[in-house]
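Notes for the one structure printed next.
Chain naming here is simple, since letters A, B, ... match the order of the sequence lines and numbering starts at 1 in each.
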There are 2 protein chains.
Amino acid sequence: MSTQLLAREGAEIEAFTALLRAHAATTREFNADLVADHGLTINDYEVMLRLAHAPDRRLRRVDLAEEVFLTPSGITRLLAGLEHSGWVERVSCASDARVTYAQLTEEGLEKLRAAAKSHVASIRILFSERFSPSELEALRDLLQRLPLAEGASCEP
Amino acid sequence: MSTQLLAREGAEIEAFTALLRAHAATTREFNADLVADHGLTINDYEVMLRLAHAPDRRLRRVDLAEEVFLTPSGITRLLAGLEHSGWVERVSCASDARVTYAQLTEEGLEKLRAAAKSHVASIRILFSERFSPSELEALRDLLQRLPLAEGASCEP
DNA sequence: GAGAAAAGATTGAGTCGTCAAGTATTGAGC
DNA sequence: GCTCAATACTTGACGACTCAATCTTTTCTC
(Lines give C-alpha, C1' and ligand atoms only; values in the text may rest on other atoms or scores of the structure.)
Protein backbone atom coordinates (compact mmCIF):
# COMPACT_ATOMS: atom_id res chain seq x y z
CA MET A 1 0.00 0.00 0.00
CA SER A 2 2.85 2.35 0.70
CA THR A 3 4.79 1.54 -2.44
CA GLN A 4 2.08 3.05 -4.52
CA LEU A 5 2.94 6.70 -4.93
CA LEU A 6 0.17 7.39 -7.36
CA ALA A 7 -3.06 5.71 -8.11
CA ARG A 8 -2.62 3.68 -11.24
CA GLU A 9 -5.23 1.14 -10.38
CA GLY A 10 -8.88 1.50 -11.15
CA ALA A 11 -10.47 -0.53 -13.86
CA GLU A 12 -11.22 2.54 -15.94
CA ILE A 13 -7.61 3.67 -16.04
CA GLU A 14 -6.38 0.19 -16.81
CA ALA A 15 -8.81 -0.10 -19.66
CA PHE A 16 -7.72 3.23 -21.08
CA THR A 17 -4.04 2.34 -20.77
CA ALA A 18 -4.71 -0.91 -22.54
CA LEU A 19 -6.47 1.02 -25.29
CA LEU A 20 -3.47 3.29 -25.74
CA ARG A 21 -1.08 0.39 -25.96
CA ALA A 22 -3.28 -1.70 -28.22
CA HIS A 23 -3.67 1.20 -30.59
CA ALA A 24 0.02 2.06 -30.64
CA ALA A 25 1.04 -1.52 -31.26
CA THR A 26 -1.42 -2.41 -34.00
CA THR A 27 -1.36 0.93 -35.75
CA ARG A 28 2.39 1.06 -35.91
CA GLU A 29 2.50 -2.35 -37.51
CA PHE A 30 -0.29 -1.90 -40.03
CA ASN A 31 0.72 1.60 -40.95
CA ALA A 32 4.30 0.57 -41.66
CA ASP A 33 3.09 -2.23 -43.92
CA LEU A 34 0.65 0.00 -45.74
CA VAL A 35 3.23 2.69 -46.31
CA ALA A 36 5.87 0.23 -47.44
CA ASP A 37 3.62 -1.74 -49.78
CA HIS A 38 1.31 0.95 -51.12
CA GLY A 39 2.48 4.39 -50.05
CA LEU A 40 -0.68 4.99 -48.04
CA THR A 41 -1.10 5.79 -44.36
CA ILE A 42 -3.86 4.22 -42.33
CA ASN A 43 -5.78 7.46 -42.49
CA ASP A 44 -5.40 7.67 -46.25
CA TYR A 45 -6.78 4.19 -46.42
CA GLU A 46 -9.68 4.86 -44.07
CA VAL A 47 -10.63 8.00 -45.96
CA MET A 48 -10.60 6.24 -49.31
CA LEU A 49 -12.62 3.41 -47.85
CA ARG A 50 -15.30 5.81 -46.61
CA LEU A 51 -15.45 7.43 -50.02
CA ALA A 52 -15.72 4.07 -51.74
CA HIS A 53 -18.80 3.24 -49.72
CA ALA A 54 -20.48 6.63 -50.08
CA PRO A 55 -23.11 7.39 -52.72
CA ASP A 56 -21.40 8.52 -55.94
CA ARG A 57 -18.16 7.72 -54.14
CA ARG A 58 -18.10 11.23 -52.72
CA LEU A 59 -18.51 13.01 -49.41
CA ARG A 60 -18.40 16.54 -48.11
CA ARG A 61 -15.08 17.26 -46.52
CA VAL A 62 -16.63 18.10 -43.19
CA ASP A 63 -18.50 14.81 -43.03
CA LEU A 64 -15.40 12.93 -43.99
CA ALA A 65 -13.48 14.65 -41.21
CA GLU A 66 -16.08 13.61 -38.69
CA GLU A 67 -16.08 10.00 -39.84
CA VAL A 68 -12.37 9.50 -39.45
CA PHE A 69 -11.98 11.80 -36.44
CA LEU A 70 -9.76 14.37 -38.06
CA THR A 71 -10.05 18.13 -37.84
CA PRO A 72 -11.17 20.03 -40.94
CA SER A 73 -7.65 21.19 -41.55
CA GLY A 74 -6.34 17.68 -41.15
CA ILE A 75 -8.72 16.53 -43.88
CA THR A 76 -7.67 19.36 -46.18
CA ARG A 77 -4.06 18.31 -45.89
CA LEU A 78 -4.69 14.62 -46.16
CA LEU A 79 -6.86 15.09 -49.24
CA ALA A 80 -4.24 17.36 -50.78
CA GLY A 81 -1.96 14.34 -50.90
CA LEU A 82 -4.58 12.03 -52.35
CA GLU A 83 -5.57 14.65 -54.93
CA HIS A 84 -1.97 15.09 -55.92
CA SER A 85 -1.69 11.35 -56.52
CA GLY A 86 -4.92 11.34 -58.50
CA TRP A 87 -6.82 9.01 -56.17
CA VAL A 88 -9.33 11.70 -55.20
CA GLU A 89 -10.84 14.65 -57.06
CA ARG A 90 -12.38 17.91 -55.91
CA VAL A 91 -15.97 18.37 -57.04
CA SER A 92 -17.81 21.56 -56.26
CA CYS A 93 -21.39 21.55 -55.11
CA ALA A 94 -24.04 23.17 -57.29
CA SER A 95 -26.41 24.08 -54.49
CA ASP A 96 -23.90 25.41 -51.97
CA ALA A 97 -20.78 27.16 -53.10
CA ARG A 98 -19.12 26.68 -49.74
CA VAL A 99 -18.85 22.94 -49.99
CA THR A 100 -16.39 20.92 -52.00
CA TYR A 101 -16.86 17.22 -52.31
CA ALA A 102 -14.03 14.76 -52.21
CA GLN A 103 -14.68 12.13 -54.83
CA LEU A 104 -12.79 8.89 -55.26
CA THR A 105 -11.52 8.46 -58.81
CA GLU A 106 -11.51 5.23 -60.74
CA GLU A 107 -7.77 5.03 -60.16
CA GLY A 108 -8.36 5.65 -56.49
CA LEU A 109 -10.76 2.76 -56.31
CA GLU A 110 -8.26 0.49 -57.98
CA LYS A 111 -5.56 1.65 -55.61
CA LEU A 112 -7.82 1.02 -52.66
CA ARG A 113 -8.67 -2.47 -53.88
CA ALA A 114 -5.00 -3.31 -54.21
CA ALA A 115 -4.18 -1.93 -50.77
CA ALA A 116 -7.18 -3.60 -49.16
CA LYS A 117 -6.00 -6.99 -50.26
CA SER A 118 -2.92 -7.09 -48.07
CA HIS A 119 -4.14 -4.74 -45.38
CA VAL A 120 -7.32 -6.68 -44.68
CA ALA A 121 -5.39 -9.90 -44.65
CA SER A 122 -2.94 -8.56 -42.06
CA ILE A 123 -5.75 -7.40 -39.82
CA ARG A 124 -7.57 -10.70 -40.13
CA ILE A 125 -4.48 -12.64 -39.18
CA LEU A 126 -3.57 -10.50 -36.19
CA PHE A 127 -7.06 -10.48 -34.76
CA SER A 128 -8.11 -14.01 -35.46
CA GLU A 129 -4.89 -15.28 -33.92
CA ARG A 130 -5.88 -13.65 -30.67
CA PHE A 131 -9.66 -13.75 -30.47
CA SER A 132 -12.51 -16.13 -30.98
CA PRO A 133 -15.43 -14.92 -33.09
CA SER A 134 -17.50 -14.12 -30.05
CA GLU A 135 -14.65 -12.25 -28.38
CA LEU A 136 -14.19 -10.27 -31.55
CA GLU A 137 -17.81 -9.25 -31.46
CA ALA A 138 -17.60 -8.33 -27.82
CA LEU A 139 -14.51 -6.24 -28.40
CA ARG A 140 -16.10 -4.39 -31.30
CA ASP A 141 -19.30 -3.71 -29.38
CA LEU A 142 -17.46 -2.39 -26.37
CA LEU A 143 -15.19 -0.17 -28.42
CA GLN A 144 -18.08 1.24 -30.41
CA ARG A 145 -19.52 2.73 -27.28
CA LEU A 146 -16.56 4.98 -26.72
CA PRO A 147 -16.72 7.66 -29.37
CA LEU A 148 -18.57 10.54 -27.81
CA ALA A 149 -21.93 11.01 -29.50
CA GLU A 150 -21.14 12.68 -32.82
CA GLY A 151 -23.08 15.85 -33.45
CA ALA A 152 -25.92 14.69 -31.23
CA SER A 153 -25.48 16.09 -27.75
CA CYS A 154 -28.87 17.55 -26.93
CA GLU A 155 -32.03 17.75 -29.04
CA PRO A 156 -35.26 18.05 -27.09
CA MET B 1 -24.56 -7.72 -52.47
CA SER B 2 -23.82 -5.58 -55.50
CA THR B 3 -23.70 -2.31 -53.59
CA GLN B 4 -20.63 -3.47 -51.73
CA LEU B 5 -17.67 -2.47 -53.85
CA LEU B 6 -15.17 -3.48 -51.27
CA ALA B 7 -15.26 -5.81 -48.39
CA ARG B 8 -15.64 -3.80 -45.25
CA GLU B 9 -17.33 -6.53 -43.29
CA GLY B 10 -15.55 -9.13 -41.31
CA ALA B 11 -15.56 -9.02 -37.55
CA GLU B 12 -11.80 -8.48 -37.44
CA ILE B 13 -11.94 -5.37 -39.59
CA GLU B 14 -14.89 -3.99 -37.70
CA ALA B 15 -13.09 -4.49 -34.43
CA PHE B 16 -9.99 -2.73 -35.73
CA THR B 17 -12.00 0.16 -37.12
CA ALA B 18 -13.73 0.50 -33.79
CA LEU B 19 -10.33 0.56 -32.11
CA LEU B 20 -9.14 3.36 -34.37
CA ARG B 21 -12.23 5.44 -33.70
CA ALA B 22 -12.28 4.77 -29.98
CA HIS B 23 -8.66 5.80 -29.72
CA ALA B 24 -9.04 8.93 -31.80
CA ALA B 25 -12.09 10.07 -29.88
CA THR B 26 -10.84 9.48 -26.36
CA THR B 27 -7.27 10.53 -26.95
CA ARG B 28 -8.23 13.78 -28.61
CA GLU B 29 -10.42 14.67 -25.67
CA PHE B 30 -8.05 13.72 -22.88
CA ASN B 31 -5.02 15.15 -24.59
CA ALA B 32 -6.67 18.50 -25.13
CA ASP B 33 -7.66 18.67 -21.46
CA LEU B 34 -4.23 17.66 -20.27
CA VAL B 35 -2.49 20.19 -22.48
CA ALA B 36 -4.88 22.97 -21.55
CA ASP B 37 -4.82 22.33 -17.81
CA HIS B 38 -1.25 21.19 -17.26
CA GLY B 39 0.81 21.64 -20.41
CA LEU B 40 1.41 17.90 -20.72
CA THR B 41 0.58 15.56 -23.58
CA ILE B 42 -0.81 12.11 -22.92
CA ASN B 43 2.59 10.64 -23.70
CA ASP B 44 4.31 13.04 -21.32
CA TYR B 45 1.88 11.90 -18.69
CA GLU B 46 2.30 8.21 -19.42
CA VAL B 47 6.07 8.51 -19.35
CA MET B 48 6.07 10.33 -16.03
CA LEU B 49 3.66 7.78 -14.62
CA ARG B 50 5.95 4.91 -15.61
CA LEU B 51 8.86 6.68 -13.97
CA ALA B 52 6.87 7.31 -10.82
CA HIS B 53 6.24 3.61 -10.43
CA ALA B 54 9.76 2.48 -11.27
CA PRO B 55 12.39 1.69 -8.61
CA ASP B 56 14.22 4.91 -7.68
CA ARG B 57 11.76 6.63 -10.00
CA ARG B 58 14.04 6.01 -12.92
CA LEU B 59 14.23 3.89 -16.04
CA ARG B 60 16.57 3.34 -18.93
CA ARG B 61 15.48 5.27 -21.95
CA VAL B 62 15.17 2.16 -24.09
CA ASP B 63 12.90 0.47 -21.60
CA LEU B 64 10.80 3.55 -21.28
CA ALA B 65 10.43 3.67 -25.05
CA GLU B 66 9.23 0.11 -25.12
CA GLU B 67 6.71 0.65 -22.36
CA VAL B 68 4.96 3.53 -24.03
CA PHE B 69 5.46 2.27 -27.58
CA LEU B 70 7.65 5.05 -28.80
CA THR B 71 10.83 4.78 -30.86
CA PRO B 72 14.13 5.58 -29.15
CA SER B 73 14.29 8.90 -30.92
CA GLY B 74 10.75 9.68 -29.89
CA ILE B 75 11.74 9.15 -26.27
CA THR B 76 14.81 11.33 -26.60
CA ARG B 77 12.69 14.18 -27.88
CA LEU B 78 9.90 13.74 -25.40
CA LEU B 79 12.34 13.60 -22.49
CA ALA B 80 14.12 16.68 -23.80
CA GLY B 81 10.93 18.59 -23.12
CA LEU B 82 10.44 17.13 -19.66
CA GLU B 83 14.09 17.77 -18.78
CA HIS B 84 13.78 21.33 -19.95
CA SER B 85 10.81 21.81 -17.64
CA GLY B 86 12.68 20.20 -14.78
CA TRP B 87 10.26 17.30 -14.31
CA VAL B 88 12.87 14.72 -15.34
CA GLU B 89 16.64 14.51 -14.91
CA ARG B 90 19.35 12.68 -16.81
CA VAL B 91 21.32 10.27 -14.66
CA SER B 92 24.23 8.35 -16.09
CA CYS B 93 24.80 4.72 -15.31
CA ALA B 94 27.90 3.70 -13.40
CA SER B 95 28.17 0.20 -14.82
CA ASP B 96 27.42 0.95 -18.45
CA ALA B 97 28.45 4.22 -19.99
CA ARG B 98 26.04 3.76 -22.89
CA VAL B 99 22.94 4.10 -20.83
CA THR B 100 21.39 7.21 -19.42
CA TYR B 101 18.53 6.92 -17.00
CA ALA B 102 15.57 9.20 -17.01
CA GLN B 103 14.71 10.03 -13.43
CA LEU B 104 11.59 11.77 -12.21
CA THR B 105 12.42 14.76 -10.03
CA GLU B 106 10.54 15.76 -6.91
CA GLU B 107 8.96 18.58 -8.91
CA GLY B 108 8.05 16.09 -11.61
CA LEU B 109 6.28 13.92 -9.09
CA GLU B 110 4.33 16.89 -7.79
CA LYS B 111 3.45 17.89 -11.32
CA LEU B 112 2.31 14.38 -12.07
CA ARG B 113 0.17 14.26 -8.95
CA ALA B 114 -1.53 17.49 -9.91
CA ALA B 115 -2.14 16.34 -13.46
CA ALA B 116 -3.34 12.92 -12.36
CA LYS B 117 -6.07 14.45 -10.29
CA SER B 118 -8.08 15.83 -13.17
CA HIS B 119 -6.92 13.38 -15.81
CA VAL B 120 -7.87 10.31 -13.81
CA ALA B 121 -11.19 11.85 -12.97
CA SER B 122 -11.97 12.50 -16.65
CA ILE B 123 -11.12 8.94 -17.58
CA ARG B 124 -13.20 7.53 -14.77
CA ILE B 125 -16.20 9.57 -15.78
CA LEU B 126 -16.01 8.74 -19.46
CA PHE B 127 -15.54 5.03 -18.91
CA SER B 128 -17.89 4.47 -16.02
CA GLU B 129 -20.65 6.30 -17.87
CA ARG B 130 -20.42 3.73 -20.61
CA PHE B 131 -19.41 0.46 -19.01
CA SER B 132 -20.29 -1.69 -16.05
CA PRO B 133 -17.43 -2.98 -13.90
CA SER B 134 -17.50 -6.37 -15.57
CA GLU B 135 -17.55 -4.85 -19.03
CA LEU B 136 -14.60 -2.70 -18.08
CA GLU B 137 -12.68 -5.76 -17.06
CA ALA B 138 -13.60 -7.57 -20.24
CA LEU B 139 -12.52 -4.61 -22.36
CA ARG B 140 -9.20 -4.34 -20.58
CA ASP B 141 -8.49 -8.06 -20.87
CA LEU B 142 -9.31 -8.15 -24.56
CA LEU B 143 -7.22 -5.08 -25.33
CA GLN B 144 -4.27 -6.40 -23.39
CA ARG B 145 -3.98 -9.30 -25.78
CA LEU B 146 -3.26 -7.08 -28.72
CA PRO B 147 0.24 -5.73 -28.25
CA LEU B 148 2.48 -8.06 -30.15
CA ALA B 149 4.74 -9.93 -27.76
CA GLU B 150 7.40 -7.44 -26.74
CA GLY B 151 10.91 -8.58 -27.41
CA ALA B 152 9.85 -12.22 -27.33
CA SER B 153 9.27 -13.46 -30.82
CA CYS B 154 11.30 -16.65 -31.07
CA GLU B 155 13.63 -18.22 -28.55
CA PRO B 156 14.12 -21.95 -28.93
C1' DG C 1 43.16 -9.23 -26.30
C1' DA C 2 42.04 -7.38 -31.17
C1' DG C 3 38.38 -6.84 -34.34
C1' DA C 4 33.52 -7.26 -35.51
C1' DA C 5 28.85 -7.15 -34.21
C1' DA C 6 25.38 -5.43 -31.09
C1' DA C 7 23.21 -2.14 -27.98
C1' DG C 8 22.06 2.60 -26.09
C1' DA C 9 21.30 7.00 -27.36
C1' DT C 10 21.15 11.24 -30.29
C1' DT C 11 20.59 14.12 -34.56
C1' DG C 12 18.85 15.82 -39.22
C1' DA C 13 15.26 15.72 -42.39
C1' DG C 14 10.73 15.02 -43.31
C1' DT C 15 5.59 13.75 -42.45
C1' DC C 16 1.30 14.21 -40.35
C1' DG C 17 -1.73 16.44 -37.73
C1' DT C 18 -3.20 20.33 -34.57
C1' DC C 19 -4.73 25.10 -33.31
C1' DA C 20 -5.79 29.77 -34.32
C1' DA C 21 -6.87 32.91 -37.64
C1' DG C 22 -8.72 34.05 -42.04
C1' DT C 23 -11.85 33.98 -46.39
C1' DA C 24 -16.09 33.10 -48.59
C1' DT C 25 -20.82 31.74 -48.70
C1' DT C 26 -25.30 30.94 -46.71
C1' DG C 27 -29.39 31.82 -44.05
C1' DA C 28 -32.16 33.85 -40.31
C1' DG C 29 -34.18 38.03 -37.99
C1' DC C 30 -35.96 42.37 -38.15
C1' DG D 1 -32.83 43.73 -48.25
C1' DC D 2 -29.28 44.32 -44.83
C1' DT D 3 -26.86 42.93 -41.04
C1' DC D 4 -24.94 39.20 -38.37
C1' DA D 5 -24.10 34.72 -36.90
C1' DA D 6 -23.12 30.16 -38.50
C1' DT D 7 -21.04 26.96 -41.76
C1' DA D 8 -17.42 25.11 -45.11
C1' DC D 9 -13.04 25.24 -46.00
C1' DT D 10 -8.01 26.83 -46.23
C1' DT D 11 -3.60 28.61 -44.53
C1' DG D 12 0.51 29.69 -41.43
C1' DA D 13 2.95 28.42 -37.59
C1' DC D 14 4.07 24.84 -34.86
C1' DG D 15 4.43 20.28 -32.25
C1' DA D 16 5.08 15.33 -31.97
C1' DC D 17 6.79 11.50 -33.92
C1' DT D 18 9.22 8.61 -37.48
C1' DC D 19 13.14 6.86 -40.24
C1' DA D 20 17.89 6.66 -41.51
C1' DA D 21 22.36 7.78 -40.32
C1' DT D 22 25.75 8.46 -36.78
C1' DC D 23 28.47 8.09 -32.53
C1' DT D 24 30.04 5.70 -28.40
C1' DT D 25 30.46 1.90 -25.53
C1' DT D 26 30.02 -2.91 -24.64
C1' DT D 27 30.20 -7.74 -25.61
C1' DC D 28 31.10 -11.66 -28.29
C1' DT D 29 34.36 -14.62 -30.87
C1' DC D 30 38.37 -16.52 -32.18
**Q.** Side-chain heavy-atom pair B/H38, B/H119 within 4.5 angstrom cut-off
**A.** no
Q. Do NZ/NE/NH1/NH2 and the carboxylate oxygens of A/E83 and A/R61 come within less than 4.0 Å?
A. yes
Q. Considering only heavy atoms from C-beta outward, does the side chain of A/L104 approach that of A/L82 to under 4.5 Å?
A. no
Q) Under 30°, 30 to 60°, or over 60°: which ring-plane class applies to A/H23 and B/H23, parallel, tilted or perpendicular? A) parallel
Q) Can you check whether B/D141's main-chain N or O pairs, donor with acceptor, with B/Q144's side chain at less than 3.5 Å? A) no
Q.
If you assign B/R90 and A/S95 each to the DNA chain C nucleotide with the nearest heavy atom, which residue ends up on the more 5' nucleotide?
A. B/R90
Q | Contact check, side chains of A/V91 and A/R58, non-hydrogen atoms, under 4.5 Å | A | yes
Q. Given atom CG of B/L64 and atom P of C/dT10, what is their separation to the nearest angstrom?
A. 11 Å
Q: Starting from the first five and the last five pairs of the helix from C/dG1-D/dC30 to C/dC30-D/dG1, work out the angle between the resulting helix axes, to 10 degrees.
A: 30°
Q. Do the side chains of B/I75 and B/Y101 join up, straight or via other hydrophobic residues, at under 4.5 Å, putting them in one cluster?
A. no
Q. Atom CG of B/D63 to atom C1' of C/dA7: distance rounded to whole Å?
A. 12 Å
Q: List the protein contact pattern of nucleotides 17-25 of chain C with one symbol per nucleotide (5' to 3'): B for base contact, S for sugar-phosphate-only contact, - for none; contact means a heavy-atom distance under 4.0 Å.
A: SBB-----B
Q) Which word best sums up how the rings of B/F30 and A/F16 line up, parallel for under 30°, tilted for 30 to 60°, or perpendicular for over 60°? A) perpendicular
Q. Is any side-chain heavy atom of B/L49 less than 4.5 Å from a side-chain heavy atom of A/T17?
A. no
Q: Whole angstrom is fine here: how far is it from CG in B/L79 over to C1' in C/dT10?
A: 12 Å
Q) Hey, where on DNA chain D does chain B first and last touch, going 5' to 3'? Cut-off is any atom under 4.0 Å from a heavy atom. A) D/dA16 to D/dT26
Q. According to a 4.5 Å side-chain heavy-atom criterion applied to Ile, Leu, Val, Met, Phe, Trp and Tyr, with indirect links allowed, do A/L109 and A/L79 form part of one hydrophobic cluster?
A. yes
